[in-house]
Structure formats: structure tokens, C-alpha cells
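Right, one structure below, let's go through it.
Since we're looking at a predicted model, the values are computed, not measured. Every chain is numbered from 1 and lettered A, B, ... according to where its sequence line falls, protein lines coming before strand lines. Computation of the quantities below employed the complete heavy-atom set of this structure, encompassing side-chain atoms and omitting hydrogens, waters and symmetry-equivalent molecules.
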Amino acid sequence: MQGKALPGFRDFYPEDLSLRNHIFATWRSVAGRYGFEEYDGPPLEALDLYTKKSGDEIVQQLYSFRDKGDREVALRPEMTPTLARMVAARVQALRKPIRWFSIPQLFRYERQQRGRLREHFQLNMDIIGEAGPLADAELMAAAVDIMRAFGLGPGDVQLRISDRRVIKSLLLGRGVTEAQLGTAFAVIDRSERVPKNALEEMLRESGVGSRESEAVFDVAGLRGVDALKAAGEVAEPLTQAVDALKEMGLGEFVSVDMTIVRGLAYYTGIVFELFDAQKKLRAIAGGGRYDGLLDQPALGFGMGDVVLGELLKERDVAPKASIELGAFLIAVGGDDLPTVLQLAHALRERGIAVEYGLRQAGVRKQLELASARGAARAVIVGPEERSAGLAVVRDLRTSTEAKVPLRQLLNGYFD
RNA sequence: GUGGCUGUAGCUCAAUUGGUUAGAGCGCCGGACUGUGGCUCCGGAGGUUGCGGGUUCAAUCCCCGUCAGCCACCCCA
């Protein structure tokens, strides 16, 4: 063992990078379909960009240090502060609503676990400058369509939606005070993972009475649009967003679920998370509306490559081969090599992926190699056919072969 | 950062109560196979048993430390 990557950091072998590229390509494709433009910023930022704009939770896990110019810097843990700066600098010139996406590599200094490393790539999609619920629906539809583009259906992933305004209103209506809201949200967030008695203890310590405590659990248990009737008007945006998703034909993916509140403090409205339907993995994506962060109404979500990659492998929808060879050329003897080299280059000039054996070997050996490399066909150049201006084209999948004029092969035609 | 579990070949795993030279399958390389792949058979390479220390005549096995991975907490980009 000659050492390995730092804990929480990854080496991407060809098969790993092939998956990553597939993920990125799918992200870009769907984002493009929704009219989002790609942007990027620096991976290293001034430390205070985060200490000022991010919550405590993020700041504690910053990958930060002092650089050689004696500046306090940090590897970016999230994209939103960078986005905020970029938008703010040109806010007057940019036509609203802004639809932007980015695929930054993000960092955090924290002990790693499955699905959670010190570094990951995360698709960020944001809409800035639109307060209406159709913007929320648009963003959630994009997240769902990304799943569909990967070949996943409603049996594989579910989008769970909630609205902080609704939860807040319901809690206040049942006697929870403003001051107790923070604890109540934290309890709701954990209601599926932490035993109830521990949560009751948390509430008691914050001075929440037993009747109000019951209310917290009642709210956390609310499911479906009908369950929101009690909230009245505040539930209107959430209802509209869900209706819009249904009209797009994505209703099967969507469930209203009041346990979704999101950890970060800056969310102000509709929030959502994308889960694998079996709930074996961590959340695939999460986001929501954060109207208070910029001077503009804004919303966005993040989707990391780690959990998503695990899910794709688990559901067997990850791509297999990273290269697709059009042909593998075989020189039967040393005298055939010049023709093979000529042919290889001519085919490559025409954009066809071509390989040939880099050292002399028997035809059997070379065919094995061709097969192992995943070539669609082998072109066998031997003295007999060559003297007649021909070569053997062998289809490696059907094991059929035919003699084809070299002149034709040089022009890129295999039959 | 806290606690628990686990570290043997590239991968998945063996190795008697502590006992000789740490094995197997898959993968990799070569051969059977000198102009026709996937199969089969044969051979080969590959290990400081994560690392360091301790106990012992003897440690993959027991003890301590450390590092790494997994799980839970914290938190959830």
C-alpha cells in the first residue's frame, strides 16, 4: 500500500469517472431543458463570506486555513453565498427571474460516513426574483425530471414537500410560542429518526407544555394536501405548487409531508427533499425557498453526486462502459502493420474510435483484446486478403464476418 | 468532536484452543492456441495479516496505542 487519498476524498478510476460524467451530463441536460444557465465561482473564498452568510452549523465544519498571504480562507462548503454575491453585483442588469445552475465541488471538514464525504459535487439550481408558487413547482419538477432522466420512477424516489409557513402557523395556532418554534422545528425534523420519549424530553426542557408537545407531534404527522385544510390561507402556495406538479404529470412522485423542515435556518417557505423510496440512503436532494437571504425572493436546491451515485448503482441504472470502440484493428503479421496504421489513422480522422495491438501477437490474442476492450468489430488485415485489396471485418457481437475492400474501409465504411 | 464495531492478495473471504513456508475463488499476466474472441485446462505474479509497541518458546489470533473504514450521535453541504 503506497498511501491513498486523504480521508473523505476520492480517487476517480475510469469506471468511477464514467459514472460521474454520466451524472454531470444528465444534470446539464435537464437543467438546460428547463432554461437554466450554468455559472461557476472560485472553490476557495474568504472565510468571512461564510461566517457572515452561513449558519453556525456550516461554519463549524468549514475546511479553512490561513494562506501564504496571511488571509483567512475556506474551501467553499456551499454555493449559495457565492451565488448571492454574483447576483448582487449585477442585480440591476439581470432580467428576473434568474434561472441559474452550477456544479461546484464543495468541501466540509467532518468525519465521513457512507454517502457523506469531505468533498462532493453538488448540482445547485436556483430561481431568483420570483415569489409565486409556480417557481417552487418549476424547481421541484426539475429535480424530479432529473431522477426520471436517470431512469428512476416513483417506485424508486419520492419528493416530500412541506412549507415552513404552514408548520409555523399550525404550531402557533395550538399554543406553541414564537420562542419555542426553534425547538419544535428541530423535533419535527427528527421525528422519524429519534425515539419519541427523547423528543418529548427536548420539548420539556424548552418549556413546552404537554398539550403543546402533543400538538408538535400531531403536526409532524400530517400527510397529504387534505391535511392542510386546518391551516387555511397559509397553505395556499403549497397547495398550488402541488397542483402544478400534478398537472405536469409528476403527481406520483410527490407527497406532502410535514416532517420535512430542513436543517438550515434560512429557509422561509416551501421546503422539499428527494428520498429513495426505500429510505435506505440519505436524502438525494434538498432545498426550498429562502426569501430573506438576498434582497430578492429566491429558492433553490442542491443534489450531491455521492448518494445519487450509490442509488444509481443500487438500481443498476449506472452506465457500464466508458468507451465505445468502433473497431479494433488486427495485423496478422509484421508486414500487415503499415496497412493497419494507415487504416487506423484514416478511421480516427473520420471520428471513429479505433485501437490496435501495440505489440505483435497472434490473431487469437488480439481478438481477445478486442473483445475485452469492448470493440464492436475487429478488422483483420492479413497477407492473403491484403494482396487482393481486402480485409476481414468481423462483427464481435454476432460473430459474422465479411471481406471488405480496403478502399472502402479507408473511407469509414465497414460493409 | 463523542461512542461502538471492523481491518488478511486488486475484489470477496478462509486459516483448529496462539503452533511449521498465511490459502481459495474471481480478476490480472503467460501458455496449450503459429490466421479467428467469449469456453476449458495448465502455469505465474501479487501479502511487512493497516501501522507501532507489548505478552509469549511461538501472534493473523491475546493486550495497549495509532491510523483507516463502517455505524450511531453531532450535523446534514
Side-chain angles (χ1 to χ4, degrees), chain A residues 1-9 11 13 15 43 50 53-63 74-82 102-124 186 189-190 193-195 198 260-267 271 273 275 280-287 300-307 328 330-336 357 359-386 391-401 403:
Chain A
M1 194 72 70
Q2 297 169 319
K4 45 204 267 196
L6 287 168
F9 287 78
D11 289 327
Y13 287 85
E15 64 266 29
Y50 304 111
K53 296 227 173 188
S54 300
D56 278 348
E57 313 88 35
I58 284 179
V59 171
Q60 284 169 11
Q61 299 175 350
L62 277 175
Y63 220 113
L75 290 165
R76 60 185 173 197
E78 61 167 342
M79 200 58 178
T80 308
T82 302
S102 190
I103 306 180
Q105 188 175 22
L106 304 178
F107 305 86
R108 69 171 168 197
Y109 196 86
E110 202 226 2
R111 189 179 270 199
Q112 67 164 324
Q113 277 181 50
R114 186 182 186 205
R116 163 173 219 206
L117 309 171
R118 285 182 170 178
E119 148 273 322
H120 76 153
F121 292 90
Q122 188 190 61
L123 169 68
N124 274 247
D189 188 26
R190 277 161 235 208
R193 305 189 299 269
V194 180
I260 303 300
V261 299
R262 304 286 298 151
L264 294 180
Y266 55 61
Y267 289 109
V271 287
E273 291 188 0
F275 279 89
K280 279 168 64 187
L281 304 171
R282 295 167 185 283
I284 300 157
F301 76 84
M303 181 185 296
D305 71 313
V306 181
V307 176
F328 191 101
I330 293 173
V332 173
D335 292 344
D336 302 308
R359 65 174 162 173
Q360 205 155 3
V363 171
R364 174 188 296 272
K365 202 83 209 166
Q366 295 189 70
L367 274 170
E368 274 177 24
L369 188 53
S371 184
R373 297 293 289 163
R377 61 182 73 80
V379 176
I380 303 164
V381 178
E384 281 173 36
E385 293 85 359
R386 190 159 48 83
V392 175
V393 174
R394 180 178 178 84
D395 187 307
L396 292 173
R397 308 214 162 107
T398 61
S399 297
T400 55
E401 56 184 47
K403 290 181 182 171

If I pick the [atom1] atom on [M] and the same atom on [N], what distance separates them, to the nearest angstrom?
| N | M | atom1 | answer |
| --- | --- | --- | --- |
| B:rC13 | B:rG7 | C1' | 13 Å |
| B:rU55 | B:rA59 | C1' | 10 Å |
| B:rC28 | B:rU12 | C1' | 16 Å |
| B:rC74 | B:rU56 | P | 45 Å |
| B:rA58 | B:rG18 | P | 16 Å |
| B:rC41 | B:rG46 | C1' | 22 Å |

Could you list the residues that satisfy side-chain contact (heavy atoms from CB on, under 4.5 Å) with [X], not counting sequence neighbours?
| X | answer |
| --- | --- |
| A:Arg118 | A:Pro7, A:Phe9, A:Tyr63, A:Tyr109 |
| A:Leu117 | A:Arg10, A:Gln112, A:Val306 |
| A:Arg76 | A:Asp40, A:Pro43, A:Tyr50, A:Met79, A:Pro104, A:Leu106 |
| A:Asp335 | A:Arg386 |

What contact category does [X] fall into here, base, sugar-phosphate, or nothing, at under 4.0 angstrom with non-hydrogen atoms?
| X | result |
| --- | --- |
| A:Thr80 | nothing |
| A:Asp336 | nothing |
| A:Leu117 | base |
| A:Arg190 | sugar-phosphate |
| A:Gly115 | base |

Sequence neighbours left out, what passes side chain to side chain donor-acceptor pair (under 3.5 Å) with A:Glu401? Give chain and number order. A:Arg394
A:Thr82: partners by side chain to side chain donor-acceptor pair (under 3.5 Å), with sequence neighbours left out: A:Glu45
A:Arg262 vs B:rA77: side-chain N/O to OP1/OP2 distance below 4.0 Å: yes
Closer to the 5' end of RNA chain B via nearest nucleotide, is it A:Arg114 or A:His120? A:Arg114
Pair pattern of RNA chain B in dot-bracket, where unpaired bases get dots and | marks partners in another strand, Watson-Crick or G-U under 3.5 angstrom: (((((((..((((.....[...)))).(((((.......))))).....(((((..]....))))))))))))....
Main-chain N/O of A:Ala331 paired with A:Gln366 side-chain donor or acceptor, under 3.5 Å: yes
To the side chain of A:Arg282, which of B:rC76, B:rG38, B:rC74 is closest?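 Of B:rC76, B:rG38, B:rC74, B:rC76 is nearest to the side chain of A:Arg282.
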B:rA68, B:rG37, B:rA77: which one has an atom nearest the side-chain heavy atoms of A:Leu396? B:rG37
Can you name the residues that form a ring pair (Phe, Tyr, Trp, His ring centres under 6.0 Å) with A:Phe301, not counting sequence neighbours?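 Ring pair (Phe, Tyr, Trp, His ring centres under 6.0 Å) list for A:Phe301, sorted by chain: empty.
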N/O contacts under 3.5 Å, protein versus nucleotides 3-5 of chain B?
residue	atom	partner	partner atom	Å
B:rG3	O6	A:Arg111	NH1	3.1

A:Lys365: salt bridge (Lys or Arg N to Asp or Glu O under 4.0 Å) partners, not counting sequence neighbours: A:Glu368
By salt bridge (Lys or Arg N to Asp or Glu O under 4.0 Å) - contacts of A:Glu385 (at least two apart): none
Nucleotide-resolved protein contact map, nucleotides 27-35 of chain B, B/S/- at heavy-atom distance under 4.0 Å: ---SS-B-B
Checking only heavy atoms, does the side chain of A:Glu401 share a donor-acceptor pair with the base of B:rU36 at less than 3.5 Å? yes
